[in-house]
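What follows is a short report on a single structure.
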Amino acid sequence: MSHSYVPAPVPRPGPAHLAGLALPAERPPHMSERRWADLLDIGWAGQLCDPAGQKRFRLRHHGELLNGMITDVQRLPPLVYAVPPSGKPILLFDGAAHGYNALFCDSWDERELRARRADRTYVDSDGEDTFELVVWTGYNIDWDDEDERADVEDPDAPGLARLVDGRRLPFAAVAAAGFDSITVTATSARGHARDVLSEELA
């Protein structure tokens with residue numbers, strides 16, 4: 001499928017599952033100003049902050065580590081939670097539910113998905129396991145474009161997109177949930193920042 005790519009004309013609200021859980025993000029220390037500006041042109045970025053105001057989290061995940069990055073395991077998509085010192089874990093990313101491919105292209109055995117357990121704790125190369133987290137999501141698909149909408153619009157329900165599992169969503173919801181890339185950057189108390197998750201989702 002071909003997509004028409006356009007810069008986001010206005011700041012986006014970000015993924016719906018992180019609504020109310022993120023503050024405006026500052027540029028991570030490992031990234032150049034030019035690169036950060038380019039990312040913000042086509043996406044959304046937020047620093048994770050839970051309802052109690054906590055900004056430092058452990059990461060629990062289902063997935064393998066490859067060069068310090070969380071990846072899929074046995075062809076099942078990664079599942080990543082941020083765990084505050086107190087309070088409930090926050091779902092950061094579920095590769096079976098978030099992003100364009102999960103909405104419109106990919107499917108998995110439901111029993112295998114339910115069997116995933118985010119039971120591994122992420123530890124960086126310094127031995128640190130608690131981080132400030134910045135989540136960036138890219139939105140390069142222009143959902144106002146008629147050709148883009150035609151690819152997924154339900155012919156029996158104009159104005160709704162039909163998902164791969166048969167559900168239907170308004171295009172306003174698809175525009176938030178159907179991001180085509182995600183990066184999670186973790187910064188330790190030592191000030192060392194690295195990307196711990198980076199997925200292309202379209």
Side-chain angles (χ1 to χ4, degrees), residues 1-22 42-46 48 59-64 69-83 88-120 133 135-184 196-202:
M1 177 192 302
S2 62
H3 299 300
S4 56
Y5 292 95
V6 295
V10 295
R12 296 181 180 273
H17 71 285
L18 295 180
L21 295 171
I42 59 169
W44 168 92
L48 197 67
L59 288 168
R60 302 281 288 178
H61 64 93
H62 177 274
E64 298 290 348
M69 302 275 283
I70 300 168
T71 65
D72 60 4
V73 56
Q74 296 179 348
R75 291 179 293 183
L76 287 175
L79 181 63
V80 185
Y81 285 87
V83 183
K88 296 181 179 180
I90 296 169
L91 177 61
L92 275 188
F93 178 67
D94 181 355
H98 301 145
Y100 184 95
N101 284 347
L103 294 182
F104 298 112
C105 303
D106 298 335
S107 59
W108 299 269
D109 184 290
E110 286 297 324
R111 291 172 298 178
E112 293 182 339
L113 288 181
R114 288 194 296 270
R116 291 177 302 163
R117 296 289 180 266
D119 54 8
R120 299 184 63 181
L133 301 172
V135 181
W136 173 85
T137 49
Y139 295 88
N140 285 313
I141 299 171
D142 181 8
W143 289 112
D144 291 326
D145 183 270
E146 291 185 3
D147 291 335
E148 293 284 7
R149 294 167 70 103
D151 286 332
V152 298
E153 191 166 30
D154 189 327
D156 299 322
L160 297 180
R162 182 166 183 167
L163 309 189
V164 68
D165 62 6
R167 289 181 297 142
R168 295 167 175 83
L169 284 180
F171 277 98
V174 169
F179 47 92
D180 55 79
S181 50
I182 183 171
T183 298
V184 176
V196 297
L197 176 79
S198 185
E199 296 277 327
E200 294 294 330
L201 305 172

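Quantities reported herein were computed from a predicted structural model and do not represent experimental measurements. Reckoned from all heavy atoms, side chains included, excluding hydrogens, waters and symmetry mates.
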Check against side-chain contact (heavy atoms from CB on, under 4.5 Å), T183 and V135
CA-CA 6 Å; T183 298; V135 181; over 6 Å; no

Quick one: do W136 and V184 satisfy side-chain contact (heavy atoms from CB on, under 4.5 Å)? Show the steps, please.
CA-CA 6 Å; W136 173 85; V184 176; over 6 Å; no

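Here the CG-CG distance, from L79 to D72, works out to 12.5 Å after rounding to the nearest 0.5 Å. The CG atom of L201 lies 9.5 Å from the CG atom of L103; values are rounded to the nearest 0.5 Å. Atoms CG and OG, from L163 and S107 in turn, are 12.5 Å apart once rounded to the nearest 0.5 Å. Taking OG of S181 as the start and OH of Y100 as the end, the distance is 14.0 Å to the nearest 0.5 Å.
Of all heavy-atom pairs between L91 and V80, the closest is CD1-O, 3.6 Å. Minimum heavy-atom separation, R117 to H62: O-CB, 3.3 Å. Closest approach of W108 to A96, counting heavy atoms only: CZ3-CA, 3.5 Å. Taking all atoms of both residues into account, the shortest heavy-atom contact from G95 to A102 is O-CB, 3.6 Å.
Using a 30° and 60° split on the angle between ring planes, W143 and F104 fall in the tilted class, from 30° to 60°. Relative ring orientation between H98 and F179 is described as tilted, the plane-to-plane angle lying within the 30° to 60° band.
Proximity of a side-chain donor or acceptor of R60 to a complementary backbone N or O of D119 within less than 3.5 Å is detected. Judged by distance alone, the side chain of D145 and the main-chain N or O of E148 form a donor-acceptor pair under 3.5 Å. No donor-acceptor pair closer than 3.5 Å links the side chain of R167 to the backbone N or O of V164. Side chain of Y139 to main chain of A176: a donor-acceptor pair is present (N/O by atom type, distance under 3.5 Å, no hydrogens or angles). Judged purely by atom type and a 3.5 angstrom limit, D180 uses its side chain to pair as donor or acceptor with the backbone of N140.
Tested against L59 for a side chain to side chain contact (heavy atoms under 4.5 Å, CB included), the candidates V83, L92, L197 yield a single pass: L92. Test E199, E64, H61 against I70 for side chain to side chain contact (heavy atoms under 4.5 Å, CB included) and you get one pass: H61.
Residues satisfying the salt bridge (Lys or Arg N to Asp or Glu O under 4.0 Å) criterion with R116, sequence neighbours excluded, are D94.
Pairs of residues two or more places apart, or lying in two chains, that qualify as salt bridge (Lys or Arg N to Asp or Glu O under 4.0 Å) and include a residue from residues 98-110 are D109-R111. Within the structure, salt bridge (Lys or Arg N to Asp or Glu O under 4.0 Å) contacts touching residues 95-104 (residues at least two apart or in different chains) do not occur.
The closest side-chain heavy-atom distance from T137 to L18 is not below 4.5 Å. Contact check for P15 versus F93: no side-chain heavy atoms found under the 4.5 Å cut-off.
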